[in-house]
Amino acid sequence: MNTETNQPTHITNFIRNIIDADIQLNKNEGRVITRFPPEPNGFLHIGHAKSICINFGLARDYGGRCHLRFDDTNPTKEEDEYVSSIKQDVKWLGFDWGEHLYFASDYFTQMYEHAVTLVKKGLAYVDDSTPDAIRSSRGTLTESGKESPCRNRTIEDNLDLFSRMKNGEFPDGAMVLRAKIDMSSPNINLRDPVMYRILHASHHRTGDRWCIYPMYDWAHGIEDSIEGITHSICTLEFEDHRPLYDWFLKQLGVYHPQQIEFARLNLNYTVMSKRKLLELVNEKHVSGWDDPRLPTISGFRRRGYTPESIRLFCDRLGVGKKDAIIDMSILEDCVREDLDVKAKRVMCVLDPIKVVITNWPDDKLEELGASIHPKTPEMGRRSFMMTREVYIDRDDFMLDPPKNFFRLGPKRQVRLKYAYVITCDEVIKDTSGRVIELRCTYDPETGHGKTPEGKKKVKGIIHWVSAPHAQKVEVRLYDRLFDRPNPGGDQDGGDYKEHINPHSLKVIGTAYLEQGTDINLQAHYQFERVGYFFPDPKDSTKDCLVFNRVVTLRDSWGGEGKQGA
RNA sequence: UGGGGCAUCGGCAAGCGGUAAGCCACUGGAUUUUGAUUCCAGCAUUCCCAGGUUCGAAUCCUGGUGCCCCAGCCA
């Protein structure tokens with residue numbers, strides 16, 4: 001522990017170092033006010049979760065606050081549907097903005113007045129050049145730009161034109177307001193950036209009140225300043241914009257927050273850009289924004305990821321400035337860690353082989369039981385019937401198993417978990433050679449998982465369900481959406497959509513769930529030895545259960561010849 | 001010589017001139033009615049490279065190399 005700040009040292013990072021130093025100097029009287037500023041033009045994804053965890057986490061740890069602010073400065077792309085989904089996602093992740101919900105559009109009037117101030121100071125001008133002309137006179141990365149013929153318009157003319165822009169006297173694209181900075185700056189952002197454009201579009205909150213809308217660079221610093229943000233945290237690509245952020249606030253002479261940039265999250269085997277996610281949704285490659293294969297917050301939620309697991313993931317990553325692509329398996333581990341503690345255990349056979357226990361009397365029923373969680377007896381117990389016919393999973397049988405396969409094979413023994421040891425005497429196949437039934441005998445002395453004195457312990461333990469008692473359920477197995485680590489990074493110009501994994505969803509129409517399980521539609525389950533599952537929130541009902549596989553259990557059995565039978 | 005960033009174990013990531021944290025993965029071994037979980041042990045003489053300063057450098061200086069971002073009236 002660092003006794004100065006009372007912060008656990010393990011969560012230190014460069015942003016916290018900056019904040020610690022600021023507090024040391026009593027900058028901002030020690031306040032820490034951050035903000036999460038999404039544009040409401042799409043659903044939030046796991047990359048946003050990182051930003052949310054950083055911003056809300058900082059506020060929480062430093063006794064400050066974090067604002068939720070919608071950066072709605074472009075009415076052509078933004079919709080109310082997105083603001084409600086974003087609010088829901090932030091809440092679900094476990095964060096609370098309290099009273100501090102804001103919209104950039106609430107500041108449009110102040111932004112306009114500030115713009116007038118800059119015009120009056122001779123620091124902004126109206127440019128009626130065509131968009132093409134502005135682009136070509138901006139110069140290139142290596143050549144400086146050329147000043148616009150409009151650059152030296154009088155202040156009076158600028159004031160008049162700007163006010164007429166606002167009043168809707170000109171069509172879209174006819175002119176813009178530009179900051180007068182430096183057309184030869186090596187930083188392109190400083191070459192007289194556009195502050196306002198004309199857009200006769202209806203805004204989701206201000207309707208038709210405005211027909212000029214501020215650009216990000218002009219708007220963002222003002223938003224931060226108005227709200228008294230102390231640390232304005234954004235991603236690396238805005239580093240080049242910081243001089244502009246600083247320039248605007250300095251010219252305005254208003255409260256000046258500090259912008260700090262960090263490396264955004266990249267995950268392999270998926271895509272994270274809003275454009276690509278939107279395409280996948282619109283072109284029906286997935287079922288919607290909440291498709292369980294998507295890296296959206298709503299997708300993870302539907303799939304069965306928990307908020308705790310996503311927060312753990314973000315904490316584990318840390319915060320830095322190095323571009324990195326994080327392996328999906330890190331995220332998967334985080335859910336396992338969380339779900340191991342929470343999930344109720346139950347047995348479920350996904351791909352059944354019928355097993356007939358020949359020495360078990362036809363009409364005999366035996367009630368067996370197990371705890372719902374092996375390490376948390378308080379969670380209670382469950383019970384199920386043992387009968388002459390049971391199902392086991394095809395993965396747990398091999399016709400010609402290697403010696404290190406602990407499960408069932410011809411003449412081999414295995415324990416039915418919580419029940420008896422059985423021996424496979426006979427294998428029955430159909431005409432195509434597929435195994436359809438096993439005939440086994442059980443050892444009556446091995447009930448309830450007990451091994452009697454003097455008997456050799458059976459290493460293999462498999463899950464099973466009583467055939468006449470099992471409940472039929474649907475199970476959806478998800479795999480990564482793309483077949484390669486970096487689907488968007490094709491050098492050969494290929495389309496990321498060509499790399500969609502055709503096997504990313506496998507539906508098992510009939511799986512056999514342990515009898516008598518009173519499924520809670522909000523709870524997570526571990527299908528013992530298989531993985532963690534969650535009832536699909538949209539398609540699952542008490543009478544018609546549909547389970548999403550959140551993630552498999554870790555499996556140190558390499559699976560040599562896994563699909564053997 | 002366009003500008004701005006970044007380079008520390010397989011992957012993240014601390015470190016801020018005093019002699020390489022932590023996490024994940026991995027490898028042993030123990031426990032286990034989930035090949036799960038848990039537990040214990042091991043895991044960078046070295047910090048992109050090359051010089052230099054210093055008693056001492058991952059940390060400072062010089063020169064390289066590699067990767068990322070920027071030319072929307074998008075954010």
Side-chain angles (χ1 to χ4, degrees), chain A residues 8-14 17 37-39 41 71-74 76-78 127 129-131 134-136 138-145 172-178 184-191 193-199 212-213 215-217 219-220 234-243 261 263 274-275 315-327 329-330 333-334 336-337 340-341 345 347 370 373-375 404-407 415-419 421 446 448-451 457-463 526-531 552-559:
Chain A
T9 50
H10 68 274
I11 50 169
T12 185
N13 60 50
F14 83 100
N17 291 344
E39 181 188 13
N41 68 344
D71 207 1
D72 54 352
T73 57
N74 185 348
T76 63
K77 293 185 175 178
E78 295 149 7
D127 193 335
S129 308
T130 63
I134 288 182
R135 188 181 316 119
S136 56
R138 185 150 30 223
T140 68
L141 295 178
T142 52
E143 302 160 41
S144 76
D172 289 3
M175 52 187 74
V176 293
L177 184 72
R178 288 228 255 172
S184 62
S185 171
N187 180 342
I188 292 184
N189 296 121
L190 262 18
R191 319 238 264 229
V194 172
M195 295 166 62
Y196 274 98
R197 75 284 214 188
I198 299 171
L199 247 28
I212 56 170
Y213 289 91
M215 299 290 289
Y216 170 87
D217 288 308
H220 207 83
C234 61
T235 45
L236 251 28
E237 67 271 26
F238 291 101
E239 214 147 15
D240 281 347
H241 296 241
R242 186 168 9 117
E261 310 84 10
K274 280 189 185 174
R275 192 203 101 225
D315 290 345
R316 232 169 231 182
L317 297 179
V319 183
K321 298 190 68 152
K322 184 169 67 177
D323 290 306
I325 298 174
I326 306 301
D327 201 289
S329 65
I330 308 282
D333 262 331
C334 291
R336 288 192 186 100
E337 190 168 322
D340 176 50
V341 178
R345 311 289 133 122
M347 292 192 285
H373 189 111
K375 281 188 278 195
N404 63 344
F405 182 79
F406 306 149
R407 288 107 95 154
R415 173 177 291 286
L416 298 180
K417 195 165 160 75
Y418 308 120
V421 171
T446 57
H448 298 90
K450 302 271 188 323
T451 300
K457 199 164 180 178
V458 173
K459 186 156 174 80
I461 298 162
I462 65 174
H463 57 100
Q526 186 199 97
F527 292 179
E528 296 204 59
R529 302 206 316 126
V530 178
T552 60
L553 246 39
R554 288 179 65 187
D555 184 7
S556 58
W557 156 246

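Below, chains carry the letters A, B, ... as their sequence lines are ordered, and counting in each starts from 1.
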Inset, instruction - Evaluate the side-chain proximity of Val530(A) to Met347(A): yes if any heavy-atom separation is below 4.5 Å, no if none is. - result: no

Inset, instruction - Determine the contact category for Thr130(A): base if any of its heavy atoms lies under 4.0 Å from a base atom, sugar-phosphate if only primed atoms, P, OP1 or OP2 are that close, otherwise nothing. - result: base

Inset, instruction - Would you mind classifying the nucleic acid contact of Val194(A) as base, sugar-phosphate or nothing, using non-hydrogen atoms under 4.0 angstrom? - result: sugar-phosphate

Legend entry - Whole-Å C1' distance, G18(B) and C26(B): 33 Å

Inset, instruction - Identify whether any heavy atom of Met215(A) sits under 4.0 Å from a base atom; if not, whether one sits that close to sugar-phosphate; answer base, sugar-phosphate or nothing. - result: sugar-phosphate

Inset, instruction - Please determine, for the side chain of Thr73(A), which listed nucleotide (A71(B), A75(B), C73(B)) has the closest atom? - result: A75(B)

Inset, instruction - Quick one: label Lys417(A) by what it contacts on the DNA or RNA (base, sugar-phosphate, nothing), any heavy atom closer than 4.0 Å. - result: base

Inset, instruction - Check every strand shown and say whether His241(A) touches a base, only sugar-phosphate, or nothing at a heavy-atom separation below 4.0 Å. - result: base

Inset, instruction - For C47(B) versus G35(B), give the span between their P atoms, rounded off to a whole number of Å. - result: 44 Å

Legend entry - Test log, rule salt bridge (charged side-chain N to carboxylate O under 4.0 Å, His left out), inputs Arg316(A) and Glu337(A): CA-CA 13 Å; Arg316(A) 232 169 231 182; Glu337(A) 190 168 322; 2.6 Å; yes

Legend entry - Polar contact flag, side-chain donor to acceptor under 3.5 angstrom, Ser129(A)-Asp127(A): yes

Inset, instruction - Write down the distance separating the P atoms in A57(B) and G52(B), rounded off to the nearest Å. - result: 12 Å

Inset, instruction - For G72(B), measure the glycosidic angle (O4'-C1'-N9-C4 for a purine, O4'-C1'-N1-C2 for a pyrimidine) and name it syn if it falls within 90° of 0, otherwise anti. - result: syn

Legend entry - Asp127(A) CG to G72(B) P, straight-line distance once rounded to whole Å: 15 Å

Inset, instruction - Side chain of Ile326(A) only, please: which of G5(B), A75(B), C12(B) is the nearest? - result: C12(B)

Legend entry - Arg554(A) side, atom CZ; Asp333(A) side, atom CG - distance, nearest 0.5 Å: 6.0 Å

Inset, instruction - Quickly, which of His463(A), Glu528(A), Arg529(A) forms a side-chain contact (heavy atoms from CB on, under 4.5 Å) with Arg345(A)? Name it, please. - result: Glu528(A)

Inset, instruction - Could you work out the separation of U8(B) and U45(B) based on their P atoms and round it to a whole Å? - result: 15 Å

Inset, instruction - Among the candidates A14(B), G5(B), C12(B), find the nucleotide nearest to the side-chain atoms of Thr12(A). - result: A14(B)

Inset, instruction - Give the intermediate values and the outcome of side chain to side chain donor-acceptor pair (under 3.5 Å) for residues Thr76(A) and Asn74(A). - result: CA-CA 6 Å; Thr76(A) 63; Asn74(A) 185 348; 2.6 Å; yes

Inset, instruction - Give Asp240(A) one of three labels, base, sugar-phosphate or nothing, depending on what nucleic acid heavy atoms sit under 4.0 Å from its own. - result: base

Inset, instruction - Assign Val319(A) to base, sugar-phosphate, or nothing according to its heavy-atom contacts below 4.0 angstrom with the strands shown. - result: sugar-phosphate

Inset, instruction - Check step by step if salt bridge (charged side-chain N to carboxylate O under 4.0 Å, His left out) holds for Glu39(A) and Lys77(A). - result: CA-CA 9 Å; Glu39(A) 181 188 13; Lys77(A) 293 185 175 178; 5.7 Å; no

Legend entry - Distance, P atom - from C48(B) to C16(B), rounded to whole angstrom: 16 Å

Legend entry - Whole-Å gap separating P (A14(B)) and CG (Leu317(A)): 12 Å

Legend entry - Distance below 4.0 Å between Asn17(A) side-chain N/O and G15(B) OP1 or OP2: yes

Inset, instruction - Mind checking Asn41(A) for me? I need base, sugar-phosphate or nothing, with any heavy atom below 4.0 Å counting as a touch. - result: nothing

Legend entry - Per-pair stack call Trp557(A) and G35(B), 5.5 Å, 30°: yes

Legend entry - Minimum-distance nucleotide to Leu141(A) side chain [options: C16(B), U34(B), C70(B)]: C70(B)

Inset, instruction - Rounded off to whole Å, could you give me the CG-to-C1' distance for the Asn189(A) and G4(B) pair? - result: 10 Å

Inset, instruction - Please state whether the phosphate of C73(B), meaning OP1 or OP2, lies under 4.0 angstrom from any side-chain nitrogen or oxygen of Arg138(A). - result: yes

Legend entry - Nearest-Å distance for atom pair CD1/P, residues Ile188(A) and G2(B): 13 Å

Inset, instruction - Measure the distance from NZ on Lys457(A) to C1' on U31(B) and round it to the nearest whole Å. - result: 10 Å

Inset, instruction - Looking only at side-chain atoms of Glu239(A), point me to the closest of G72(B), C69(B), G4(B). - result: G4(B)

Legend entry - N or O in side chain of Lys321(A) less than 4.0 angstrom from G4(B) OP1/OP2: no

Legend entry - Straight-line distance of Lys457(A) NZ to Thr446(A) OG1, nearest 0.5 Å: 13.0 Å

Inset, instruction - Write down the distance separating the C1' atoms in A75(B) and A13(B), rounded off to the nearest Å. - result: 29 Å

Inset, instruction - Taking atom P in both C9(B) and G64(B), compute the distance separating them and give it to the nearest angstrom. - result: 25 Å

Legend entry - Each stem that RNA chain B is part of, given as range with range (3 or more consecutive Watson-Crick or G-U pairs, under 3.5 Å): B:2-7 with B:65-70, B:10-12 with B:22-24, B:26-30 with B:38-42, B:48-52 with B:60-64

Inset, instruction - Select base, sugar-phosphate, or nothing to describe what Phe238(A) touches, counting heavy atoms under 4.0 Å on all strands. - result: base

Legend entry - Residues that Ser184(A) engages under side chain to side chain donor-acceptor pair (under 3.5 Å), provided they are two or more places apart: Asp182(A)

Inset, instruction - Assign Thr451(A) to base, sugar-phosphate, or nothing according to its heavy-atom contacts below 4.0 angstrom with the strands shown. - result: nothing

Inset, instruction - For Arg316(A) and C23(B), give me the distance from atom CZ to atom P, rounded to whole Å. - result: 10 Å

Inset, instruction - Mind calculating the distance between CD1 (Ile330(A)) and P (A13(B)) to the nearest angstrom? - result: 11 Å

Inset, instruction - By nearest nucleotide on RNA chain B, pick out whichever of His373(A) and Leu236(A) is the more 5' one. - result: Leu236(A)

Legend entry - Aromatic ring proximity, centroids under 6.0 angstrom, Phe405(A) and Trp557(A): yes

Inset, instruction - Select base, sugar-phosphate, or nothing to describe what Ile134(A) touches, counting heavy atoms under 4.0 Å on all strands. - result: base

Inset, instruction - Give Glu528(A) one of three labels, base, sugar-phosphate or nothing, depending on what nucleic acid heavy atoms sit under 4.0 Å from its own. - result: base

Legend entry - Arg529(A) side-chain proximity, nearest of A13(B), G35(B), C74(B): G35(B)

Inset, instruction - For Ser129(A), report the nucleic acid contact type (base, sugar-phosphate, nothing); a contact means any heavy atom under 4.0 Å. - result: base

Inset, instruction - Could you measure between the two P atoms, the one in A14(B) and the one in G51(B), and give it in whole Å? - result: 29 Å

Legend entry - Short side-chain N/O contact to C73(B) OP1/OP2 from Arg178(A), under 4.0 Å: no

Legend entry - Distance in angstrom units between Ile325(A) CD1 and A13(B) P, rounded: 13 Å

Give each protein N/O atom lying under 3.5 Å from an N/O atom of nucleotides 36-38 of chain B, with the pair distance.
unit_1, atom_1, unit_2, atom_2, d
A36(B), OP1, Ser556(A), OG, 3.0
U37(B), OP1, Arg554(A), NH1, 3.1
U37(B), O2', Asp340(A), OD2, 2.8
U37(B), O2', Lys375(A), NZ, 2.4
U37(B), O2, Lys375(A), NZ, 3.2

